[in-house]
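Everything below concerns the one structure shown next.
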Protein chains: 2
Amino acid sequence: MKRGRKPTIDAADITRAAIAVADAEGLASVSMARVAQEMGNATMALYRHVKSKDELLTLMADAAMDEPPPLPDGDWREQLGFWAKAVLEAIRKRPWFLQIPISGPPTGLTSLAWLDSALGALRDTPLEAGEKVGVVMGLMTFVHGEARLGVTLAQGFEDDPAAFGSQYGKVLREIVDPRRMPALAEVLDSGVFDLDDVAAAEDVEAEFDFGLHLFLEGVATHIGGRA
Amino acid sequence: MKRGRKPTIDAADITRAAIAVADAEGLASVSMARVAQEMGNATMALYRHVKSKDELLTLMADAAMDEPPPLPDGDWREQLGFWAKAVLEAIRKRPWFLQIPISGPPTGLTSLAWLDSALGALRDTPLEAGEKVGVVMGLMTFVHGEARLGVTLAQGFEDDPAAFGSQYGKVLREIVDPRRMPALAEVLDSGVFDLDDVAAAEDVEAEFDFGLHLFLEGVATHIGGRA
DNA sequence: CAGGTTTTGCGTATGAGATACGCATAAAAG
DNA sequence: CTTTTATGCGTATCTCATACGCAAAACCTG
């Protein structure tokens with residue numbers, strides 16, 4: 001039998017409590033004290049099961065994402081598109097996920113499951129293993145980045161609804177000197193940045209779709225030149 | 001004339017000092033006290049010129065990037081490729097740049113200059129303004145994400161050289177159950193993840209090039225369907 | 001130049017947060 | 001029942017950001 005006093009909590013419990021706090025009050029509110037209080041324990045009790053707060057954050061990141069949904073029937077392109085949307089959706093459920101500083105390549109079970117899922121979509125393509133990884137990494141990078149942008153904007157909008165939407169265009173017009181930045185000024189004149197609050201959100205969505213389209217188009221071309 | 005005591009420092013000085021600290025000791029070492037010491041002032045003196053540490057971080061982010069280099073002659077594709085490499089290089093000079101939490105769309109002069117530069121590469125293409133922005137945002141997203149990955153790995157390598165390189169493949173093999181993650185297991189068997197320390201760095205570089213290639217290929221196809 | 005006004009430099013103090021350390025306690029082993 | 005071992009957690013320390021208020025400097029008016 002195992003010696004010593006029986007643990008009343010484990011790392012998973014702590015991670016769960018921490019996630020509950022982050023979901024309810026944001027990642028900034030996740031302190032060792034707050035998490036301990038959430039589970040009715042003393043602060044220092046947590047350190048028996050978690051080496052440091054950094055480690056806890058890593059555990060949170062692993063546990064934050066849902067399991068990847070099963071891919072729908074279809075070719076690799078439809079599947080990867082679906083996958084990218086699913087990643088985006090999963091991140092949107094836990095916006096704080098992107099605030100956790102990453103410490104290395106993924107080793108968490110859930111992250112790996114997502115990776116596997118995306119690689120599965122490419123199974124029937126003639127790509128080499130390294131290329132598949134490249135495609136998936138590139139796509140994940142894009143989705144994460146775009147999600148970060150969306151979440152950041154949504155955050156900024158919450159903080160100060162008045163200062164958003166069409167304000168960005170206005171602000172830029174004051175800063176941008178058409179002589180120094182002609183291309184930007186030109187785009188600015190086209191009104192792309194003058195969106196009201198509602199349209200801005202849709203725009204982020206559209207931008208995501210567009211970027212996704214471009215990337216997958218590139219993959220298709222690459223595969224085409226190979227088959 | 002302006003009333004009152006003459007300022008001996010300004011926000012730009014503080015930003016410079018903060019950047020010097022970040023360059024030398026990393027962003028984690030940037031505290032108000034440390035920055036003040038760096039410039040031979042008292043801690044609280046800084047607050048006359050900077051509202052909060054967050055504001056200082058934003059200023060640092062704006063000032064961290066070099067001016068965008070002039071684009072070489074060539075078509076949009078060569079230019080965007082060059083631009084992406086230049087962004088990557090600029091970030092590599094200041095790895096801490098990516099650790100600064102972003103608070104909204106870019107308004108710093110330097111960021112806007114980079115944006116303008118990329119849009120300039122697309123000037124002669126038949127894309128609409130919104131599409132140009134989409135292309136550039138997508139590309140920037142990708143470059144930032146990939147840079148983050150590279151920097152993170154380099155960081156991890158510094159922290160513990162032994163635990164890297166081919167270790168990642170080994171670790172994965174212990175975690176991955178081929179029944180639960182068949183596609184990942186397959187890729188794993190191909191040995192893509194078993195790189196020695198040196199090759200890993202080159203691999204990140206190659207992955208960047210590959211992803212960049214895919215994205216630009218997608219843009220090219222998109223433009224082709226339009227011209 | 002004296003006095004008033006305004007703005008800066010900065011010492012002191014507060015409060016949050018991470019975490020080292022050590023003791024008391026619970027549970028298994030002998 | 002004593003010894004061993006691992007846990008729960010109170011106390012204490014250290015690092016930081018930052019509010020507050022006073023004093024010094026530089027301008028203004030008379």
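Since this is a predicted model, take the numbers as computed values, not measurements.
Residues that satisfy the side chain to side chain donor-acceptor pair (under 3.5 Å) test with A:Arg5, not counting sequence neighbours, are absent from this structure. The side chain to side chain donor-acceptor pair (under 3.5 Å) check on B:Arg16 picks up B:Asp13, with sequence neighbours excluded. Checked against side chain to side chain donor-acceptor pair (under 3.5 Å), A:Glu25 has the following partners two or more places apart in sequence or in another chain: A:Arg34.
Taking atom CD1 of B:Ile14 as the reference point, atom P of D:dT18 lies 13 Å away to the nearest angstrom. Going from atom CE of B:Met32 over to atom C1' of C:dC10 covers 13 Å, rounded to whole Å. With rounding to whole Å, A:Gln37 atom CD is found 14 Å from C:dG17 atom C1'. Going from atom OH of A:Tyr47 over to atom P of C:dG22 covers 17 Å, rounded to whole Å.
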Heavy-atom protein contacts under 4.0 Å, nucleotides 3-10 of chain D, coded B base, S sugar-phosphate only, - none: -BBBBBBB
Hey, can you pull the donor-acceptor pairs under 3.5 Å for the side chains in residues 93-101 of chain A, sequence neighbours left out?
residue, atom, partner, partner atom, Å
A:Lys93, NZ, A:Asp66, OD2, 3.0
A:Arg94, NE, A:Ala64, O, 2.8
A:Arg94, NH1, A:Asp23, OD1, 2.9
A:Arg94, NH1, A:Asp23, OD2, 2.4
A:Trp96, NE1, A:Asp23, OD1, 2.9

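Listed by first and then second residue, the salt bridge (charged side-chain N to carboxylate O under 4.0 Å, His left out) pairs involving residues 43-62 of chain B are B:Lys51-B:Glu55 (not counting sequence neighbours).
Ring geometry, B:Phe208 versus B:Phe142: the interplanar angle falls under 30°, so the pair is classed parallel (tilted spans 30 to 60°).
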